[in-house]
Amino acid sequence: MALSKFLGLFLIHIALLSSSCFAADPFVFYDFEVSYITASPLGVPQQVIAINNKFPGPTINSTTNNNVVINVRNKLDESLLLHWSGIQQRRSSWQDGLPGTNCPIPPKWNWTYQFQVKDQIGSFFYFPSLHFQRAAGGFGGFIINNRDIIPIPFGSPDGDITILIGDWYTRNHTALRKALDAGKDLGMPDGVLINGKGPYQYNDTLVPDGIDYETIDVHPGKTYRLRVHNVGISTSLNFRIQSHNLLLAETEGSYTVQQNYTSLDIHVGQSYSFLLTTDQNASSDYYIVASARFVNESQWKRVTGVAILRYSNSKGKAAGPLPDPPQDEYDKTFSMNQARSIRWNVSASGARPNPQGSFRYGSINVTEIFVLKNKPPVTIDGKRRTTLSGISFVNPATPIRLADQFKVKGVYKLDFPSRPLTGPPKMETSLINGTFRGFMEVILQNNDTKVQTYHLSGYAFFVVGMDYGEWSENSRGTYNKWDGIARSTTQVYPGAWTAILISLDNVGVWNLRTENLDSWYLGQETYIRVVNPEVTNKTELPMPDNVLYCGALSKRQKPQDISFATSITTSSSKLFLAVLMVASALLFH
């Protein structure tokens with residue numbers, strides 16, 4: 001018995017050693033079982049997507065340069081990909097979890113993601129990227145902590161709290177998808193969830209009995225880091241906490257100039273870190289509110305998420321009206337000016353010891369310019385579609401990166417226009433041809449009637465300007481060339497433009513899309529293909545051993561060689577398996 005215990009401990013020790021001896025940076029491991037469960041967040045039983053039977057899914061907790069290994073078992077009845085929004089996947093678009101780079105994980109199969117969170121810190125989230133599944137859940141937070149040797153620009157918080165907010169429909173994602181396929185609009189959401197739960201009953205008329213709501217417990221006189229993510233479908237939300245200020249500290253991997261907000265607009269796909277000081281007298285609990293923005297508020301009152309902030313010395317339940325949202329119904333500049341006020345903390349260290357501002361983006365010469373314009377949905381070949389610059393993107397049967405690897409012709413075109421097309425809109429797999437180590441200026445022009453948020457995989461870009469009207473060459477005179485925030489998701493207001501700058505230093509195929517899920521589903525996206533003309537493995541990692549095949553390459557896929565072999569994706573894991581076999585032989589000899 002003693003020998004068994006000794007060999008068991010020896011086995012664990014060797015396994016840990018074997019997983020780190022091939023890389024200086026530690027590994028963190030997660031197992032995700034993705035399945036349907038029944039939940040009633042708004043009082044109506046419905047099918048939601050859970051991870052390990054949790055809705056929302058667990059928070060991934062990592063540290064700069066960790067190797068993250070996530071084994072995903074797909075127990076849904078349709079194919080699945082998980083996308084790690086804001087994780088840059090340095091040198092490895094293979095792991096990005098999007099249809100342009102990955103074949104989907106079939107039902108009943110599993111696949112292991114393995115990637116390094118190289119030179120990143122901050123607050124991010126993950127979600128399922130296929131089949132409109134994000135509308136059913138499957139999302140969760142993703143934290144990258146600073147290494148101990150890198151100081152953070154504020155005192156260590158007394159707690160770290162992830163808050164997922166988002167609009168929500170009581171219809172299943174399959175019903176929502178069918179509505180879009182039939183050319184219909186989704187209409188007003190049924191509510192807003194906070195951490196997968198419906199609103200606290202602050203109003204008997206608007207909120208029915210029996211709704212389970214989120215409660216966040218805190219102690220007085222402490223400071224907490226709140227990581228707030230809008231994981232919803234298409235609604236911009238205003239986030240606020242009754243009687244408390246929100247000290248903005250970080251957004252999507254960049255430390256910000258710290259300033260207080262009574263509320264902040266958080267658009268679809270965006271993430272923010274606030275420092276919350278519990279300095280109130282706790283005469284009662286306090287409301288946490290996420291309410292719809294830029295809508296007819298009298299009609300959208302139900303589209304409000306309400307949770308509770310409860311001090312440990314609270315004297316009673318929250319009561320009375322909710323804290324007011326911004327009173328800017330007739331002032332379209334309020335939210336934009338708030339967005340402009342979010343600045344990069346140029347003196348703080350990010351993932352590396354040198355200050356964030358040591359990368360002087362404002363002095364780099366632009367090498368390529370793209371003006372991307374979106375409009376309201378159009379009809380192409382009898383189908384309702386959305387477009388970018390007149391092109392509605394069609395995802396190819398063979399992922400772009402895989403087609404490049406095996407030199408499959410005819411999968412895509414490298415002809416995305418630098419200016420919007422003037423002819424009729426068309427459906428194509430058209431990519432932006434990015435120049436490795438180039439410096440790209442992208443102007444996002446929103447000619448639709450609702451806010452659009454745009455996300456770029458693989459990079460943090462610099463948000464250097466935004467304004468109402470049509471962008472022109474003269475607009476560059478308003479650019480912020482010193483401390484524009486670096487992030488991966490930016491809003492573009494209706495009838496307005498936003499300008500971003502991108503340093504194309506990450507080889508791969510990277511998705512540029514609207515985060516508004518309905519518009520994304522209908523084609524409002526493209527990919528930027530960045531190739532190093534020099535053949536070297538220093539700028540891109542090799543294709544993973546467990547790559548899935550589909551489309552023109554589907555014959556390469558072996559039937560269900562996934563359930564065991566895919567979790568053994570590196571030589572370190574292979575060594576671990578060998579050690580396991582040897583130790584087992586010793587144990588049972």
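Residue numbers start at 1 and run along the sequence shown.
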S.K.: Compute the centroid of each ring, for Phe125 and then for Phe139, and state whether the two points are separated by less than 6.0 Å.
M.R.: no
S.K.: Ignoring hydrogens and angles, tell me if any N or O in the side chain of Lys197 forms a donor-acceptor pair with the backbone of Ala307 under 3.5 Å.
M.R.: no
S.K.: Taking the side chain from Asn195 and the backbone from Thr162, do they hold a donor-acceptor pair closer than 3.5 Å?
M.R.: yes
S.K.: Do Tyr287 and Tyr200 have side-chain heavy atoms sitting under 4.5 Å apart?
M.R.: yes
S.K.: Evaluate the criterion ring-ring contact (aromatic ring centres under 6.0 Å, His included) for residue pair Tyr521 and Phe132; output intermediate values, then yes/no.
M.R.: CA-CA 7 Å; Tyr521 180 79; Phe132 218 70; 5.6 Å; yes
S.K.: Under a 4.0 Å N-O cut-off, is there an ion pair linking Arg340 with Asp467?
M.R.: yes
S.K.: Does the side chain of Thr526 reach to within under 4.5 Å of the side chain of Ile391, using non-hydrogen atoms?
M.R.: no
S.K.: If you define the side chain from C-beta out and look only at heavy atoms, does anything of Trp520 sit under 4.5 Å from His455?
M.R.: no
S.K.: Given Asp209 and Gln201, is the side chain to side chain donor-acceptor pair (under 3.5 Å) satisfied, shown in steps?
M.R.: CA-CA 7 Å; Asp209 294 332; Gln201 194 175 33; 2.8 Å; yes
S.K.: Using 30° and 60° as the class boundaries, would you call the ring planes of Trp84 and Phe115 parallel, tilted or perpendicular?
M.R.: tilted
S.K.: Can you check whether Ser93's main-chain N or O pairs, donor with acceptor, with Asp96's side chain at less than 3.5 Å?
M.R.: no
S.K.: Tell me, with the steps shown, if His219 and Thr278 meet side chain to side chain donor-acceptor pair (under 3.5 Å).
M.R.: CA-CA 7 Å; His219 295 284; Thr278 50; over 6 Å; no
S.K.: When the ring planes of Phe239 and Phe274 are compared, do they come out parallel, tilted or perpendicular, using 30° and 60° as the limits?
M.R.: parallel
S.K.: Looking at every heavy atom in both Arg513 and Asn511, which two are closest together, and how far apart are they?
M.R.: NH1-OD1, 2.9 Å
S.K.: Does a donor on one side chain and an acceptor on the other come within less than 3.5 Å for Asp190 and Thr170?
M.R.: yes
S.K.: Hey, is the main chain of Gly469 close enough, under 3.5 Å, to the side chain of Gln445 for a donor-acceptor pair?
M.R.: yes
S.K.: Under a 3.5 Å distance rule, please check whether Tyr468 uses its side chain to pair with a backbone N or O of Lys332 as donor and acceptor.
M.R.: yes
S.K.: Are side-chain heavy atoms of Thr223 and Phe154 found at a separation under 4.5 Å?
M.R.: no
S.K.: Would Tyr202 and Thr304 count as a side chain to side chain donor-acceptor pair (under 3.5 Å) here? Give the steps.
M.R.: CA-CA 11 Å; Tyr202 69 96; Thr304 301; 4.6 Å; no
S.K.: Heavy atoms only: give me the nearest Gln242-Asp285 pair and the separation to one decimal.
M.R.: OE1-O, 4.1 Å
S.K.: Between Tyr527 and Phe393, is the gap from one ring center to the other below 6.0 Å?
M.R.: yes
S.K.: Ring centroid separation for Phe55 and Trp168, is it under 6.0 angstrom?
M.R.: yes
S.K.: So that I know where these two stand, are Tyr454 and His267 an aromatic pair - ring centroids less than 6.0 Å apart?
M.R.: no
S.K.: Is the shortest side-chain heavy-atom distance between Leu130 and Ser79 below 4.5 Å?
M.R.: yes
S.K.: Should the heavy atoms of other residues, nucleotides or ligands under 6.0 Å from NZ of Lys75 be counted, would the total exceed 12?
M.R.: no
S.K.: Please determine whether side chain to side chain donor-acceptor pair (under 3.5 Å) holds for the pair Ser273 and Glu250, giving the CA-CA distance in whole Å, both sets of side-chain angles, and the decisive distance to 0.1 Å.
M.R.: CA-CA 5 Å; Ser273 275; Glu250 176 258 336; 2.6 Å; yes
S.K.: Looking only at heavy atoms, which two atoms of Gln46 and Arg171 are closest? And how far apart?
M.R.: NE2-O, 4.0 Å
S.K.: Determine, for Arg384 against Asp518, whether the closest basic-nitrogen to carboxylate-oxygen distance falls under 4.0 angstrom.
M.R.: no
S.K.: More than 12 foreign heavy atoms under 6.0 Å from CG of Asp381: is that the case here?
M.R.: no
S.K.: Could you measure the distance from the CZ atom of Arg293 to the CG atom of Asp328? Nearest 0.5 Å is fine.
M.R.: 4.0 Å
S.K.: Checking side chain to side chain donor-acceptor pair (under 3.5 Å) between Asn238 and each of Ser291, Ser335, Ser263, which is the one that passes?
M.R.: Ser263
S.K.: Between Pro425 and Thr387, which heavy-atom pair has the shortest distance, and what is it?
M.R.: CB-CG2, 4.1 Å
S.K.: Roughly how far, to the nearest 0.5 Å, is CZ of Arg73 from CG of Asp31?
M.R.: 10.0 Å
S.K.: Would you check if Ser488 and Leu456 make a side-chain contact, meaning some heavy-atom pair closer than 4.5 Å?
M.R.: no
S.K.: For the pair Ser254 (side chain) and Ile485 (backbone), establish whether a donor and an acceptor sit closer than 3.5 Å, ignoring hydrogens and angles.
M.R.: no
S.K.: Check each of Asn446, Thr514, Thr386 against Gln452 using the side chain to side chain donor-acceptor pair (under 3.5 Å) test, and report the only one that passes.
M.R.: Thr514
S.K.: Which word best sums up how the rings of His244 and Tyr286 line up, parallel for under 30°, tilted for 30 to 60°, or perpendicular for over 60°?
M.R.: perpendicular
S.K.: Taking the six-membered ring for Trp, is the centroid-to-centroid distance between Phe32 and Tyr113 below 6.0 Å?
M.R.: no
S.K.: Between CD1 of Ile194 and CG of Leu237, what distance do you get to the nearest 0.5 Å?
M.R.: 9.0 Å
